[in-house]
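Shown next, in C-alpha cells, is the structure this report addresses.
The sequence lines fix the lettering, A, B, ..., with proteins before strands; numbering per chain opens at 1. None of these values were measured; they are calculated from a predicted model.
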Amino acid sequence: MSTPADRTYNPTAIESEWQANWERDGTNSFTLDELRAAERPFYNLMMFPYPSAEGLHVGNIYAFTGADVHGRFKRMQGHDVFEPIGFDAFGIHSENFALKAGVHPMDLIPANVANFTRQLRRMGGMFDWSHTVDTTAPEYYRWTQWLFLQFFKHGLAERKEAPVNWCPSDMTVLANEQVVVGACERCGTPVEQRFIRQWFLKITEYAGRLLDNLSEIDWSDTTRKAQRAWIRRSRGAEIRFPVAAEGTERAEAGDRTMIPVFTTRPDTVFGATYMVLAPEHPLVDAVTSDDRREDVNAYRARTRAMDLVARQKIEKHKTGVFTGGYCMNPATRRPIPVWIADYVLMGYGTGAIMAVPGHDERDFDFATGYGLPIVRVVAAEGEDADTPLDIAYEYPQGRLVNSGRYDGRSPEDAQRAIVEDLAADGLAESQENFRLHDWCISRQRYWGPPIPIIHCDDCGPVAVPEEDLPVVLPRVEDFRPDESGISPLARVRDWHEVPCPSCGRDATRETDVSDTFLDSAWYFLRYPSTDFGDRPFDPGITRRWLPVDAYIGGNEHAVLHLLYARFVAMALHDMGWLGFEEPFTQFRAHGLIIREGAKMSKSKGNVIVPDPIIERYGADTFRLYLMFLGPFMAGGDYQDKGISGPHGFLHRLWESVVPRQGELGEGPPDPGLEPKLHRTIQRVTEQIAGLRYNTAIAAMMEYLNAARTGGRTPVRSEVEPLVRLVAPFAPHMAEELWRRLGNRESIFEGANWPAFDPARAAELEVRVAVQVNGKVRGTVSAPKGADREAVTALARGEPNVARHLDGMDIRRVIHVPDRLLNFVVARAAVGSL
RNA sequence: GCCGAGGUGGCGGAACCGGUAGACGCGAAGGUCUCAAAAACCUUUGCCCUUGCGGGCGUGAGGGUUCGAGUCCCUCCCUCGGCACCA
C-alpha cells in the first residue's frame, strides 16, 4: 500500500535511484558480445569535454542533453544506441591552469575527471561508462602515437621549419589566441617570431578531396560553409620569373634561377611591374645586391620581431624595401625590380607575387606609396589603354590592352592563351592553390603525448618501434619551459637519451609533444574498441559501428576538430585501415546558451552552476528546461525564472499519473481528446527527429493542458503515451512513472515509442476563418472536408460576416478547404457616380 | 571589407507549401484557498478606441507582387557569429 509520501514527486530520490538501477542493470552499456551482435547499431556521438577544474559547464550540459534526447529517442524506436562519453584532457589549457594553481596536471586531471564523471551521471545521460576514454591515459595515447607513426610511415608527416610566437619572458611558445595586440596575454611582454623545426601532417594533400566530399555528407550547412571557406580553392597558374644576373637588369630564360609566383589572374601578367617576395623567402639573399643588403636585413629583422597575429591583423599602410635585384617579366621580357614586403605571406602560394598594381588593390597601395609604375592591362567598357587608373580595376571584365598580341581579348580568354604560351617555354603552368595549411602538430610543451620519434645523427628521424609504444610522458615536477627555448622534456636527460632503434648508436627522443587536436581527431574510433588492449580499433567492431551515425556538437569546432577528424579518417582509409573515408555521416551544430545578453563566461559573471539547480529542481526539470529555451540548433536565452514552467509541467504530469488520492482511471481516451493525442504523438515524433525540441515540449504541454482542462482527471490511456513521449527529456521520471504504471522493465528496453494512428488523429469538425477582403470577420465551425458551397452558406449565417457583406457585390469567393473562406467584394454600384 | 545567421508582445519563443500572427512558457494583473505568506489552482493579458457588440493598427524601415504577405521580390537599416593583406 502506498503512503502519501510515496505519492509526491521527489526528483532527488527518484533520480539517484534510477541512476543506480541503470548502472546495476547495465541498461546503458554494451558488453563486447552485445557490440558484436547489435542488429540495428546507431552510434550517437557528442563532443567529449575538456575536464576543467570548474566542473561541467551549462554549455556542456546543453549539448549533451540535446544529443542524449536524440539517442534515447532512437533507442525507443528500436535502435541499439551506443552513446559514449570521455575526456579530452591534454593540452595547454590544463597545463596553464596547473601552473597557475601550483598543481601537477597528473594530479589535477584525475580529480577533474572524477568530478565531471559525477556530474555527467547526475544529468542522466545514457552514457556507456564501460567504453569511456581519457586522452591522457597511456593506454589511449599509445594509439595516438601509433596514429602519428602511420602518417610518418606513409610520408604524410614531415619536419620543417615554421614560425611560432615566442614570449621571451615566459620563455615559451604561445598559441595565436594567447597573443593580445602583439603581447603575451599573461605577462604583457612583446611577442617575437621564432623559427623552429616542427612536425607537420600533410593535410594539404587531401585539400581537394576534403572540399569535394563536403557536398556528399549530411552536415549542418553552416559547418560545411565554414569548412569550404577554410580550405578555399583558388584556380590560377604558377608563372616563373627568371632572376637577372647579379648587378644587371638582364635575364635570360633557361638556365637562370627562377622565382615562381602563384596568380589567379595570369591575364594581367603584362601589368606586373615589380615583384614582391615575403621577407622569409629563401631567395631573398640571392637577389639582394650588396648595397641594399643592410636595409634588407634591417627590414627582415623588424618583421621577425612582430608576432604573427599583429603582422596579419593590424591595419597599417604597406611597407617594404627594394632588394636591388631584378627579374624578367616573362611576358613583356623586360626587367622588373624585386622588393620584399610583409604583405606577402610565406605561407601561401609560393611566398612571392607578381605585383600588378593596376588590377590589385594591395599592389596599387604599395606602388603608390613607393612610386612604382602602374600600367593598365584591362580596359572596361568605355575605357582604353590610356584611361588613367585612380584605383585598381579588379574585375575580370573587359578586354586586354597594353598586352602585346593579346590585346583585345577577354580576360578569361587571355588567361588560357597566356598560360598555354608561357607553358610552351616552361615558364608557367595551370595550378590550383588552397588556403588550407599543413597541420603543425608540434607543441613545445609538456602536457601532451610525446611524439614517438628518435633523432639519430646517422639515421635521421626514426620511428619508435610500435612494440615500444607508448612512449610514456614522464612525471616532471618543473614542467615550465626554461631558457633553453625548447620543450620541458629536453631537460629530462635520462628520458630522452636513448639508443637509435635503427643503428643502436646514441640518439635522442623527440621532446615536443603533439597537439591536442590529434588526440580528438580519432577518439570516436576508439570508443567501441576500448575492450581491446592490443589494437587501436578492432576491424569487426569498426565495420559494424562506424561511421558515426549522428554527431552533435558546437560549431566552434567547425574547422579545426571536424576537419582534422575527416582528414585522419580519409588518410586511414587510404592506408587500408578503414572502409570509409567520411567519419561522420550526419553532423548537427547546436546553438549557444546566452544569459543576460552574452555567452556565459566567468569574466562576464553570468555563469550558471548546474549542481544547485539540479538539487532544487532535479535533472529532469533542468534537461527539459534547457531543451525548451529555443530551437536546439539555434541556442537559447537562459532566464532564471523560466525553469518553473517546465518544472510545473513535470509536476502536473506526475500528479496525473500518480493521483494524490484514489486510483488512476481506466477506459479509452475521451473522444474529444483522442485526436489531439494522436496529433501530439505525430508532432513530437517529427520534431524530435528534426531536433526541434522546444516545440516538441510545447506540444506535450498543450496536450496535458487539454487533458486537464476544467480540473478534469485524465485516465490511464490518456497519460501513458505522454509518459513515453517525455522519456527522452525526463528519463528518470519516465522510468518511475512507467514502473508505477505496472511495467517491470526499463522504459528504454524495448521499442516503447508510441505509434500514432492517422485515422484517430483526424478531427471531425474544423474552425474555418471567414474573411471579407482579406480581413478576418469571424470563424465558423464546419465538418472536415466541407465544400465551398457548404462553408459559404455557414459563413453567410455568421452575423458579423453578413454585416460586412451587406450592400456589397461579391466578386469572388476563395476557399481553402478546412482553413479559410475569403469574400472578395466591392461596394454595390447603386449610388456610384 | 567578405561570408553566414537573424530582427515577431514586457521577455524567451511559435506559425505547414503564401491562408485566423503571437502556440507553449516566463513575467504582470485580478481572484480562490490561508490568521498570514509561500505553494497550488482559476481568470485576464499585443497596442489603441469601445460599457458591450465591435472597430482600427500591428512581425526592423520603405516599396512591390497577390483575393490574401511574418512568409515571395526589390531597396535600405540594425544585431549577432565566423573569416580577414590568401595574390
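- Comparing rC24(B), rA87(B), rC83(B) against the side chain of Trp230(A) picks out rC83(B) as the nearest.
- Residues forming a side-chain contact (heavy atoms from CB on, under 4.5 Å) with Glu686(A) (at least two apart in sequence, or on another chain): Gln682(A).
- In this structure rA28(B) sits in a base pair with rU44(B), meeting the Watson-Crick or G-U test at under 3.5 Å.
- For Glu238(A) and rA87(B), the CD to C1' distance is 13 Å, given to the nearest whole Å.
- At the heavy-atom level, His804(A) lies under 4.0 Å from the strands shown only through sugar-phosphate atoms.
- Atom-to-atom, CZ of Phe649(A) to P of rA23(B) comes out at 18 Å; the value is rounded to the nearest Å.
- Taking atom CZ of residue Arg233(A) and atom P of nucleotide rC83(B), one finds them 22 Å apart after rounding to whole Å.
- The listed nucleotides are rG56(B), rC24(B), rG13(B); the one nearest the side chain of Asn694(A) is rG13(B).
- Between the CG atom of Leu592(A) and the C1' atom of rG13(B) there is a distance of 17 Å, given to the nearest Å.
- Considering only residues two or more places apart in sequence or on other chains, Phe241(A) meets the ring-ring contact (aromatic ring centres under 6.0 Å, His included) condition with none of them.
- Residues in residues 690-701 of chain A take part in no salt bridge (Lys or Arg N to Asp or Glu O under 4.0 Å) pair, two or more places apart or across chains.
- Using bins of under 30°, 30° to 60° and over 60° for the plane-to-plane angle, the ring pair His561(A)/His557(A) lands in the perpendicular bin.
- For Glu432(A), the salt bridge (charged side-chain N to carboxylate O under 4.0 Å, His left out) partners are Arg233(A), Arg235(A), not counting sequence neighbours.
- For the OP1/OP2 pair of rG82(B) and a distance below 4.0 Å, the side-chain nitrogens and oxygens of Asn555(A) include no atom meeting the criterion.
- Close to rA87(B), at under 4.0 Å from its OP1 or OP2, lies a side-chain N or O of Ser234(A).
- Across all strands shown, rU79(B) forms a Watson-Crick or G-U wobble pair, both distances under 3.5 Å, with rA5(B).
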Residues 621-628 of chain A side chain polar contacts: donor-acceptor under 3.5 Å, at least two apart:
from	atom 1	to	atom 2	distance (Å)
Thr621(A)	OG1	Tyr617(A)	O	3.3
Arg623(A)	NE	Phe729(A)	O	2.9
Arg623(A)	NH1	Asp68(A)	OD2	3.0
Arg623(A)	NH1	Met123(A)	O	3.0
Arg623(A)	NH1	Gly124(A)	O	3.1
Arg623(A)	NH2	Asp68(A)	OD2	2.7
Arg623(A)	NH2	Pro728(A)	O	2.9
Tyr625(A)	OH	Gln639(A)	N	3.1
Tyr625(A)	OH	Gln639(A)	O	2.6

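- Every residue meeting the ring-ring contact (aromatic ring centres under 6.0 Å, His included) condition with Phe270(A), not counting sequence neighbours, appears here in chain and number order: Tyr406(A).
- As a whole-Å value, the separation of Arg819(A) CZ from rC17(B) P is 11 Å.
- Looking at heavy-atom distances under 4.0 Å, Pro631(A) makes contact with sugar-phosphate atoms alone, never a base.
- Take the nearest nucleotide of RNA chain B for Thr695(A) and for Phe434(A): the residue whose nucleotide is more 5' is Thr695(A).
- One atom, CZ of Arg240(A), and another, P of rA87(B), lie 19 Å apart when rounded to the nearest Å.
- Comparing rG7(B) with rU66(B), their C1' atoms sit 25 Å apart, to the nearest whole Å.
- With distances taken from any side-chain atom of Lys775(A) to the nucleotides rA87(B), rG55(B), rC57(B), the minimum falls on rC57(B).
- Side chains of Phe823(A) and Val801(A) form a contact here, defined as non-hydrogen atoms less than 4.5 Å apart.
- Between the side chains of Asp438(A) and Thr204(A), at least one donor N or O lies within less than 3.5 Å of an accepting N or O.
- Taking side-chain N and O atoms only, Arg435(A) has a distance below 4.0 Å to OP1 or OP2 of rA84(B).
- Leu277(A) has its CG atom 13 Å from the C1' atom of rA87(B), to the nearest Å.
- Every residue meeting the salt bridge (charged side-chain N to carboxylate O under 4.0 Å, His left out) condition with Asp218(A), not counting sequence neighbours, appears here in chain and number order: Arg588(A).
- Within the structure, every side-chain polar atom (N or O) of Arg265(A) is placed at least 4.0 Å from both OP1 and OP2 of rA87(B).
- When each of Ala698(A) and Val768(A) is assigned the nucleotide of RNA chain B bearing its nearest heavy atom, the one mapping closer to the 5' terminus is Val768(A).
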Name the pairs: protein N/O against N/O of nucleotides 65-71 of chain B, kept only if under 3.5 Å.
from	atom 1	to	atom 2	distance (Å)
rC67(B)	OP1	Arg812(A)	NH1	3.3
rC67(B)	O2	Asn822(A)	ND2	2.6

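- Ring pair Tyr62(A)/Phe632(A) is tilted by interplanar angle, where 30° to 60° counts as tilted.
- For Thr222(A), the side chain to side chain donor-acceptor pair (under 3.5 Å) test picks out Asn555(A), with sequence neighbours left out.
- Counting any heavy atom pair closer than 4.0 Å across all strands shown, Arg228(A) reaches no nucleic acid atom.
- Straight-line distance between the P atoms of rC11(B) and rA28(B): roughly 15 Å, to the nearest whole Å.
- When each of rA87(B), rU20(B), rG27(B) is scored by its nearest atom to the side-chain atoms of Thr779(A), the top-ranked nucleotide is rU20(B).
- Contact annotation for Arg803(A): backbone-only contact, meaning every heavy-atom pair under 4.0 Å involves sugar-phosphate atoms and none involves a base.
- Here the nucleotide nearest the side chain of Glu702(A), chosen from rG25(B), rA23(B), rC26(B), is rA23(B).
- By the ring-ring contact (aromatic ring centres under 6.0 Å, His included) test, Phe517(A) pairs with Tyr564(A), sequence neighbours left out.
- Using N1 to N3 plus N6-O4 or O6-N4 for Watson-Crick, or N1-O2 and O6-N3 for G-U wobble, each under 3.5 Å, rA15(B) pairs with nothing.
- Note on ring orientation: taking the six-membered ring where Trp is involved, the planes of Phe366(A) and Trp339(A) are perpendicular (angle over 60°, cut-offs 30° and 60°).
- rC16(B) sits 27 Å from rC26(B) when the C1' atoms are compared, rounded to a whole Å.
- Using C1' as the reference atom, rU20(B) and rG46(B) are 15 Å apart when rounded to the nearest Å.
- At a threshold of 4.0 angstrom between heavy atoms, the contacts of Val816(A) include nucleobase atoms, whether or not backbone atoms are also involved.
- Within 4.0 Å (heavy atoms only), Asp363(A) reaches no atom of the nucleic acid at all.
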Tabulate protein N/O versus nucleotide N/O from nucleotides 39-48 of chain B, keeping only pairs under 3.5 Å, one per line.
from	atom 1	to	atom 2	distance (Å)
rC41(B)	OP1	Arg652(A)	NH1	3.4

Atom pairs under 3.5 Å, N or O on each side, protein against nucleotides 1-11 of chain B: can you list them with distances?
from	atom 1	to	atom 2	distance (Å)
rC11(B)	O2'	Gln639(A)	NE2	2.2

